Every structure is written in structure tokens, then in C-alpha cells.
Amino acid sequence: METALGKGFRKFRGLPWTLKLCSWGKYRYLDFLLSVLAAAFEAASVRVPELREELASWEEGRTFALGVLPKGPAITLVREDGRVRYLGKGLRSPRVSFLFKNLDAALPVFSGLMGSHHAVAESRILVNGSISGAMELSRALISVETHLFPGFILKRILKRPPPFDIRRLILRGKVWGAVAGILVRRGFGRKTPP
Amino acid sequence: MLPAYYQFYCPVKILSGDNALGYIPFEMTLLGVSRAMVVTDRGVAGAGLLSFLEAAFADSDRRIGHVFDEVPVDSSNRVANGLADLFRERKCDCFIAVGGGSAIDTAKGAAIVLSGETNDLLDLQGAERIRKDLTPLIVVPTTAGTGSEATRVAVIFNEENNVKMSFVSDKLYPRVAVLDPRMTLTMPPRITASTGMDALTHAVEAYLSVQKNPLSDAFALLAVDLVRRFLVRAAEDGRDREARFAMANAALFGGIAFSNSMVGVVHALAHAAGAVGHVPHGTANALLLPWGMEHNLGVSAKPMAELSFHLGGASGFLDPREQAESAISLVRNLLLKLNRVSGIPLRLRDAGVGEDLLPAIAQTAINDGTILYNPGEVTYEDALGILQKAF
């Protein structure tokens, strides 16, 4: 079903540079969302017990990445001292990576409109690396999403959304605060982490 | 009705019926190859099944370059590398895998090595990482269950790192699958029952999967119909050619279905039960299937209700949940009948699994990729709960 926004865009499709402009906009939007996700991974890995428990079984120095093929935005992170550290943009020899096949395939997932299991079902994602590593990353990602997105989005993207819990709400607030702090320090994704 | 988006791919040419083996040399001509490396195991060779294949080449200008009959129970990178060396040495140009999943996966592993894309198979594990076309592979299954003759997957054990490597790629589809009823006539009742239940599990899980689509659904339902009508017959009387042939086709259809919509929690647990508790794959699938269906009942009542009719249930008078529950009962009844005919275990404890192993099986299962495709969420606690019920 076409949205009102889509109908609006359709009118401009014939104009020169429209497609390139759209593609540039999607790239920038996803680049920013990935920066938010990187910050959320870092923040949640310190504060969320389920994620800490998951990370405890990962080997030290495991690198993982999320990104878009063929030349789309990407982020690489590493598990260090039981927490996650953002290494920077691009694919930096990750051991496990989730790569979306194109910008359009990634947009609904990173915008909180589609769950990762739904994206897998629609063959939007390529998984590189060991399957067990990918499953561990998938669980970690769900844990981060659970503390990043509000309940009404979680109902749409998770197979079993968590029940309302005041402690989780407080924890989510703390994660949001930490994410905001990280984003400000990094110039909203423009600066590379030290 | 239709999913918002789906993909379906099955490039395998299927030769199915009496004397299907006889057409292999002609298919080799079409593929532009002339010397085949036959890959099989000692059991198949010892049962004399290769004589049917050799007879097919008697009046042909195509040749069998070499017969490699040392495939182990679990295909490994060492065996795949050795097979690739032998393939070059004997100047072969295609593989004919005769046997079950291990023979087929060994041939696929050797084909990956021969493609020259990497020196280390570990580099290519994962999904869609193989980009080069592989040496043509013709598959002759001797069991009716794995569906490997029509799948895009290979699982190869890495002996150095002690891990099972999974390869998923469209390049891994065999070029030809040959279903000849003569090749499964000697299967004993218990293996007939467990491999047949494997085929049913492929079909049921493919039909319930989050990746289900109209084409995979059609193949899954065909497989369920055939299993319902012919599995008990094949287990009761191994010489029943009609039942054997039907089951070979059921396995193929199940394979096509799950290769395009994947499987779910039952397979995740069965893979783990095999790795941790050494339970044969078909047996594990058989005894876990009703419990896995029960776990998904809350989120998959409608497709499960649709399955009920194909499993032999009455249709149209129950609400979807009741109809779905009847589908689970019908699977349980089928398993009971097979237990009487073949002695296939009904519970994990009967399959030699100790209760102390259940946590390790559950932990391994949640790292299995098939969990992603299961309609319901599966946490460690869920997996352990299903195992405890099946114990």
C-alpha cells in the first residue's frame, strides 16, 4: 500500500537528480540510524543485564558488523572487557556481519517498522560468519532493540514483545540518556570514536 | 494470503521413476561432462546398490572415472579435500553422490574446494558466500527423508577447529536428482520410519515457517499427503515399490519446500540432540515434532489447522485452534503406528538421551540458525521446556 509520502515522492520521480537525491537521503538516514544503533549497543552493554549475560559467553575481541550492500553505510563493533565498543564506520574485518542487500531492504528494519526475523524471512539480509555467532548477535540485537524502541514498536518487530515492566521502562530511559550523550560527543555520527 | 515478498528457487532437474538411473549418462551428455566420480559410503557399496548405476553406463560413451566409497558418517573438510585431490588425479568432471546426506555433503564440499575460491573452507561458511559455479553434481538418494537432493545447504565438519560449518548457497543445488525406487528397497523398517518422519518434519515446519510462500506450501502439502498415505506401508513392507517410490518423492518435495522456506524449532532441537546426545536426526525430528508443533500452536493455529486435513483429519467443523490441535494428535498417532511397526522411539529417554543432557541440548539449539525461521519465539527456557516434555 502506498503511503501519502510515497505518493508525494512519485510526483517528483521524473525530475532530474530525484533518484540520486533519494538514494543520498536514504544513505544519510541509514548512516545516522546505524550510528544510533552503535551508541545503543555501547550503552546497553553496560546497563542491560540480559545483554551482559549474552556477551559473557562471547570470546574477547569478537568483532561484528551491521551494514548495507554493496556500498551502503556500515558499522563495526567489538566485544571488549565484557562490553561493546564501537570501532567506527565501515566493515573492519568483522567475524560476523549482518548485511542488507540494498538501502530499501534496510530502511524498514532500522526505522523500527519491521523485525529482524521478518527481514530474514524476506531474504533481505546476508549473514557472513558462523551461524552460531550470527544467532548470538541476533539475540544481542533484540536485547538492544528492546531497550531502544518504545513498546508499540516492539509489538510490531518482536515475535514475543516483553510485558510492560516499570523497571524496564526506567532502564530504557537510562539507555536513551546514555545514547544521547554518546551521540552528542560524536557529533551525531560525524566523528570517529577514539 | 500472499506474503508481502517471497523468493523461490529450485534449479534441480528431477528424474523420478522406474529405471531412472538409466538416464544418468544422457544427462551427463546434456551437462557436457564425461567422467563421473561416484561418491558413496561402504554401506551403500556393500548392499550392492552401485550395480544398478554401473549397469546404466554399460552401453554409454560416458564413464565412471572412480568410485570413492569412504564417506564417513559426518562429512569433514579432510575427506572433502582428499576427494577433491582424487577428482583432479582421476581427471573426472562431475560428481554422482549415491547415499544419504553425508555422501551428498561430501561431494558438495569437494566441489567447493575444486572451485578454487578459497584454500580454507571456513572462509566461505555462511549464506550466499560462494560466487563461482561448482562442478556439476548428480544425486541419487538411498534414503527417503533428508531431501538433500534438492537443497542449497551443505554441512561439513571442520576437524581442526572441531566445529560444524554450514554453507548455504544457490550454487550448492545439485544439477540432477534421480529417484529410482530400487535404491530404497533395502532400507530397514526403523530407518524407513525415522527418515520418513524427517521428511514429514521438513514439510510441516516449512508450512509453518515465517518464510512460507505459496510455492513452498504446495510442495509441503504434497509431501504431507504422501507421508500420511505411504509411510506406514513402506515401514511395514519394505518391498512395497509403490510406497517406496511415494516416500522418495515425499522426501524430495519436503526438501524443495524447506530449502525455500526453512524449518524451525524442531530441527534446531534435533540438530542439537544429534550433536550433544548423538540421537539420529530422523528419530530426533520424529519424537520432537508434536511438541514443537504444540509450542507454535499459539502463533500458528491457522496454518496448522490447514495441515490437519492433509494429515488425515476431518475438515471444516472445528475452530482453527481445535483443528490445529487435531493436527498434532494425528502426528502423534502416526508416530505411535510407526513405533508398533518399527520400534522407533517415542521419547527422548528411549533414544538414549540422559536427562542431564537436556540443558546442553537446549543451549546448543538456541544457537541454531533455524530458530530464526520458527513462527514463535524460542528462548533457552522454551527449548528446555520442549525437551523436558519430550523426555
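When reading the values below, keep in mind they use all heavy atoms of this one structure, side chains included, and skip hydrogens, waters and symmetry mates. Computed from a predicted model, the values in this text were never measured in an experiment. Each chain gets a letter, A, B and so on, in the order its sequence line appears, and its residues count up from 1.
- The 12-atom threshold is exceeded at CD of B:Gln7, counting heavy atoms of other residues, nucleotides or ligands nearer than 6.0 Å.
- Enclosure of atom CZ in A:Arg83 is not indicated, since only 12 or fewer non-hydrogen atoms of other residues, nucleotides or ligands lie within 6.0 angstrom.
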Exercise. Do A:Val120 and B:Met262 pass the side chain to side chain contact (heavy atoms under 4.5 Å, CB included) test, and can you show the C-alpha distance, the side-chain angles, and the key distance before you say yes or no?
Worked result: CA-CA 11 Å; A:Val120 169; B:Met262 290 301 288; over 6 Å; no
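- Scanning residues 29-52 of chain A against chain B with a 4.5 Å non-hydrogen threshold yields no residues.
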For this session: Kindly determine whether B:Asn367 and A:Glu136 satisfy side chain to side chain contact (heavy atoms under 4.5 Å, CB included), including the steps that lead there.
Result: CA-CA 7 Å; B:Asn367 280 344; A:Glu136 286 164 348; 3.3 Å; yes
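- Within 6.0 Å of NZ on A:Lys101 lie more than 12 heavy atoms contributed by other residues, nucleotides or ligands.
- For A:Ser130, the parts lying under 4.5 angstrom from a heavy atom of chain B are both the backbone and the side chain.
- Looking only at distances, a side-chain donor or acceptor of A:Lys159 sits under 3.5 Å from a matching main-chain atom of B:Asn374.
- Between atom CD of residue B:Gln211 and atom NE2 of residue A:His117 there is a gap of 12.0 Å, rounded to the nearest 0.5 Å.
- Residue contact with chain A, scored on non-hydrogen atoms closer than 4.5 Å, is absent for B:Pro3.
- Within the 4.5 angstrom heavy-atom criterion, only side-chain atoms of A:Leu126, from C-beta onward, approach chain B.
- Taking all atoms of both residues into account, the shortest heavy-atom contact from A:Ser138 to B:Leu372 is OG-CD2, 3.7 Å.
- Remark: A:Ile131 CD1 to B:Thr370 OG1 distance equals 10.0 Å, nearest 0.5 Å.
- Only the side chain of A:Arg139 comes within contact range of chain B, with at least one heavy atom under 4.5 Å from a heavy atom of that chain.
- Chain B forms more heavy-atom pairs under 4.5 Å with one residue of A:Ala134, A:Ser132, A:Gly133 than with any other, namely A:Ser132.
- Nearest approach of A:Met135 to B:Asp368, heavy atoms of both residues: CE-O, 3.4 Å.
- Rounded to the nearest 0.5 Å, atoms CD (B:Glu377) and CD1 (A:Ile142) are 5.5 Å apart.
- Using a 4.5 Å cut-off between heavy atoms, B:Tyr5 touches chain A through backbone and side chain atoms alike.
- Using a 4.5 Å cut-off between heavy atoms, B:Asp382 touches chain A through its side chain atoms alone.
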